[in-house]
Student: 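There's a structure below that I have some questions on.
Everything numeric in this text was worked out from a predicted model, so none of it was measured. Convention: sequence-line order gives letters A, B, ...; per-chain numbering from 1.
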Protein chains: 2
Amino acid sequence: MDVAVAAGVSQATVARCFNTPEVVAASTRKRIEAAAEQLGYVPNAIARSLKSQSTNIVGAVVPAVGEYWQNVVTCFSRCLTASGRQLLLFSFLDQADVDDTLEAVAQYRLDGLILASATIAEAQLARMRQTGLSLVAFNHPDAAGIVPSVTVDNEAGSAELARHLADLGCARVLYVGGVAAASTDRARFRGAARTLASAGATCNYMEAGAFTYEAGYRAADRIGQLDRLPDAVMVGGDEVAFGMLDGLRQHGITAPDDLLMTGFDGLPQASWAGYDLTTLVQPAEQLAEHAAELAAKGLDAPSNVVPPSVVVAGTLRRGRTTRRDDEPPAPPQSRRGRGCEPQSRASR
Amino acid sequence: MDVAVAAGVSQATVARCFNTPEVVAASTRKRIEAAAEQLGYVPNAIARSLKSQSTNIVGAVVPAVGEYWQNVVTCFSRCLTASGRQLLLFSFLDQADVDDTLEAVAQYRLDGLILASATIAEAQLARMRQTGLSLVAFNHPDAAGIVPSVTVDNEAGSAELARHLADLGCARVLYVGGVAAASTDRARFRGAARTLASAGATCNYMEAGAFTYEAGYRAADRIGQLDRLPDAVMVGGDEVAFGMLDGLRQHGITAPDDLLMTGFDGLPQASWAGYDLTTLVQPAEQLAEHAAELAAKGLDAPSNVVPPSVVVAGTLRRGRTTRRDDEPPAPPQSRRGRGCEPQSRASR
DNA sequence: CGATTCTATGTATACGTATTCATCCTTGCA
DNA sequence: TGCAAGGATGAATACGTATACATAGAATCG
């Protein structure tokens, strides 16, 4: 290394100077630092990774679409950066691309991989776990037990929303799910149905077809054609709920006047004055933190032990869409500090 | 390498088998592939990078906040993945973190780096260019000439919006910018002011303070207190415009009834029925493609030549917020295929 | 049939770092 | 002064790959 010769020391000493500065003499250190500064030297993480067998990079496979995921990705990035790691992002549009993606991922020896797709087959999860790569399923409840997983408590959260509606006197509730095959969707419906049943209310299911605004908008047409509106509509995701609110308005149906409505996720827009949606806020930062930690820790245990799974409770946000009286709406709250604890910030 | 011994060949032949399969005998190749399959071998990209001095990874430094950037990041990821590259994401919340981030970036020998922050000091850009890292400024017009840059045509786009308003008979226009110091903001205001002036209309400037919903919401208060409303409000970003629409509504002011409104960016939500905003749609996929290409190509030229800069035109989207008559609103359009050409998809 | 070209493969090396082991010099103590 | 102990540094090696070079066998051609 040219820094070494410039400072008149060996390459080993230069390496020590950057990793364990306390073992190198102050005078030498100063000389090395001067030479490094002057030559614009910066350690090569690639070479380090090759030697140390650890890249300090965590991958994340995330659907390319939807506000929810975009929000989560930002949280991942923040968490990882804060602990000195990097985020390698794989954003897929088509489920079929995931396989190619995962193959490409394997080439980079990532420290961990976060799988943020609720629809990855469980068989594939089991297979991937064999590779030794430490992976974490994010918001994929059914993956718990197969791979380490981190999810919000979908069932309890949905139950809380349902309880809220029951308290407001709703007797006929319609649950509009995104994709019935998604395990999150099933868990949320389960929580709602169970709670409403025990409160003596009914809870039918309708599938929007996707977790998107458009799907919600279209589903609103079907609701607009019903003979009798339900007392409330529980929507399986905020973005779908936004579409539904806008779609219903085309039919002259508004919340909370004609029916109540709840969402799920707690997107920033839910607190925008234009929607002001009652929803279950996912603690995205917390979830991301857990996922990042689990991914980085690696899974030393053999594959016969049950992997750890983390379930975090969300919090209810009461918005105008379930407000019967005419309180003035709250001013929009900043979306920065929401649950984003300062945290130690192990820089460098 | 154990695959080599398992197949009874040398490591070099294994490497050839994966890089230039045509030069290795069919029989040998088959034996190697079988051994690799059986041992679960997958080439190590880290080692490859060390040897080839090229990581196939492109970094992106992006603000953590705002729908706009989240959309752009997704485009980056798609473009890079399509050309077999990976995206290393750095999402910063505080401008001050960028320096730390860039330092961390330097350790990984990225093939390129996309700087997507309109407020990075130009001096720092010049300094970074010295490091030999091939960087690209994204939507930072002032960076053109210092480093390669890719931007939408802010000035022309804003001029197009202004022309649209002038055609509708607006004589008094208020331009609400996000951050006056941002070069995009200045360019957009310039385009608006120039066009309106030549049409005999006035164009005052107001700063919202940030490119966020909340900033727009608060700025609406100031507008609500004006003695006389402007004919139209041109907002420097869609998200700010959403906040302004919602904020004005609190004051009983709606678009297009009391004033017209335009945004800028063309976020997915602009076409949501709840807002249906007239805006200038940025061709995000195109921009991302150009940025990815420029970043990967590297800058072989010495630092005295003027780096290439790409400027792409946006397209006007006419929404309800500038619609004087009462046409029925168009149904929401899917947000998938918007400008996302199929493209060759050089997999693997 | 010998000389030559071509094809398939092995050998050796370099990429830039972390780390072990050995070495040398300094310091403390008897 | 002699010796042990410790502190600072150098030499050597390994991480897994790509590739230039060498080599051996096969094939072509006169």
Side-chain angles (χ1 to χ4, degrees), chain A residues 1-36 39-57 84 86 103-111 131-133 348, chain B residues 1-36 39-57 84 86 103-111 131-133 348:
Chain A
M1 181 53 15
D2 35 3
V3 178
V5 307
V9 298
S10 76
Q11 173 267 327
T13 305
V14 174
R16 275 187 281 257
C17 187
F18 278 84
N19 298 315
T20 52
E22 63 276 7
V23 306
V24 44
S27 62
T28 313
R29 191 181 340 154
K30 242 178 136 180
R31 222 169 50 239
I32 294 176
E33 279 164 356
L39 276 89
Y41 165 80
V42 25
N44 186 327
I46 300 297
R48 191 211 322 271
S49 298
L50 181 59
K51 175 67 182 159
S52 66
Q53 304 289 68
S54 130
T55 52
N56 242 5
I57 297 179
Q86 310 298 343
E103 202 169 337
V105 168
Q107 310 223 164
Y108 294 85
R109 300 296 199 256
L110 303 178
D111 283 3
T131 66
L133 173 59
R348 80 134 319 177
Chain B
M1 179 54 17
D2 35 4
V3 178
V5 308
V9 298
S10 78
Q11 173 266 328
T13 306
V14 174
R16 275 187 280 258
C17 187
F18 279 84
N19 298 315
T20 52
E22 63 276 9
V23 305
V24 45
S27 61
T28 313
R29 193 184 336 155
K30 245 178 134 180
R31 224 170 47 239
I32 294 177
E33 280 165 355
L39 276 87
Y41 166 81
V42 25
N44 186 328
I46 299 297
R48 189 211 323 271
S49 297
L50 181 59
K51 174 67 181 160
S52 66
Q53 305 290 67
S54 130
T55 52
N56 240 6
I57 297 179
Q86 310 298 344
E103 201 169 336
V105 168
Q107 311 225 160
Y108 294 84
R109 299 298 199 256
L110 303 177
D111 282 5
T131 66
L133 173 59
R348 79 136 317 174

Student: Name the atoms and distances for all side-chain donor-acceptor pairs under 3.5 Å in residues 14-28 of chain B, with sequence neighbours left out.
Tutor:
{"unit_1": "B:Asn19", "atom_1": "ND2", "unit_2": "B:Ala15", "atom_2": "O", "d": "3.1"}

Student: Rounded to the nearest angstrom, tell me the gap between atom CZ in B:Arg109 and atom P in C:dC15.
Tutor: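 Taking CZ of B:Arg109 and P of C:dC15, I get 14 Å after rounding.
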Student: Can you identify which nucleotide, out of D:dC15, C:dG16, D:dT17, has its nearest atom closest to the A:Gln53 side chain?
Tutor: D:dC15
Student: Taking side-chain hydrogen bond (donor to acceptor under 3.5 Å, both in side chains) as the test, write out the residues that go with B:Ser10, two or more places apart.
Tutor: B:Thr13
Student: Just the atom pairs and distances: protein N or O near nucleotides 18-27 of chain D's N or O, under 3.5 Å.
Tutor:
{"unit_1": "D:dA18", "atom_1": "OP1", "unit_2": "B:Asn19", "atom_2": "OD1", "d": "3.4"}
{"unit_1": "D:dA18", "atom_1": "OP1", "unit_2": "B:Asn19", "atom_2": "ND2", "d": "3.2"}
{"unit_1": "D:dA18", "atom_1": "OP1", "unit_2": "B:Arg48", "atom_2": "NH1", "d": "2.9"}
{"unit_1": "D:dA18", "atom_1": "OP2", "unit_2": "B:Asn19", "atom_2": "ND2", "d": "2.8"}
{"unit_1": "D:dA18", "atom_1": "N7", "unit_2": "B:Gln11", "atom_2": "NE2", "d": "3.4"}
{"unit_1": "D:dA18", "atom_1": "N6", "unit_2": "B:Gln11", "atom_2": "OE1", "d": "3.1"}

Student: Whole angstroms only, please: what is the CD1-P distance between B:Ile46 and C:dG16?
Tutor: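 That distance rounds to 15 Å.
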Student: Please list, by residue number, the residues of residues 23-35 of chain B whose heavy atoms come closer than 4.0 Å to an atom of DNA chain C; answer none if no residue qualifies.
Tutor: B:Val23, B:Val24, B:Ala25, B:Thr28
Student: In this structure, how many angstroms lie between the P atom of D:dT17 and the OH atom of A:Tyr108, rounded?
Tutor: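 Value for this atom pair: 14 Å.
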Student: Roughly how bent is the helix from C:dC1-D:dG30 to C:dA30-D:dT1 end to end, in steps of 10 degrees, with each end axis from five pairs?
Tutor: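 Rounded value for the end-axis angle: 50°.
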Student: Rounded off to whole Å, could you give me the CD-to-P distance for the A:Glu22 and D:dG7 pair?
Tutor: 12 Å
Student: Roughly how many Å is it from CG in B:Leu50 to P in C:dA14, rounded to a whole number?
Tutor: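 Going from B:Leu50 (CG) to C:dA14 (P), I get 13 Å.
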Student: Cut-off 3.5 Å, no hydrogens considered: what does the side-chain donor-acceptor table look like for residues 42-49 of chain B, sequence neighbours left out?
Tutor:
{"unit_1": "B:Asn44", "atom_1": "OD1", "unit_2": "B:Ile46", "atom_2": "N", "d": "2.8"}
{"unit_1": "B:Asn44", "atom_1": "OD1", "unit_2": "B:Ala47", "atom_2": "N", "d": "3.2"}
{"unit_1": "B:Ser49", "atom_1": "OG", "unit_2": "B:Ala45", "atom_2": "O", "d": "2.7"}

Student: Report the distance from atom CG of B:Asp2 to atom P of D:dG16, rounded to the nearest whole Å.
Tutor: 9 Å
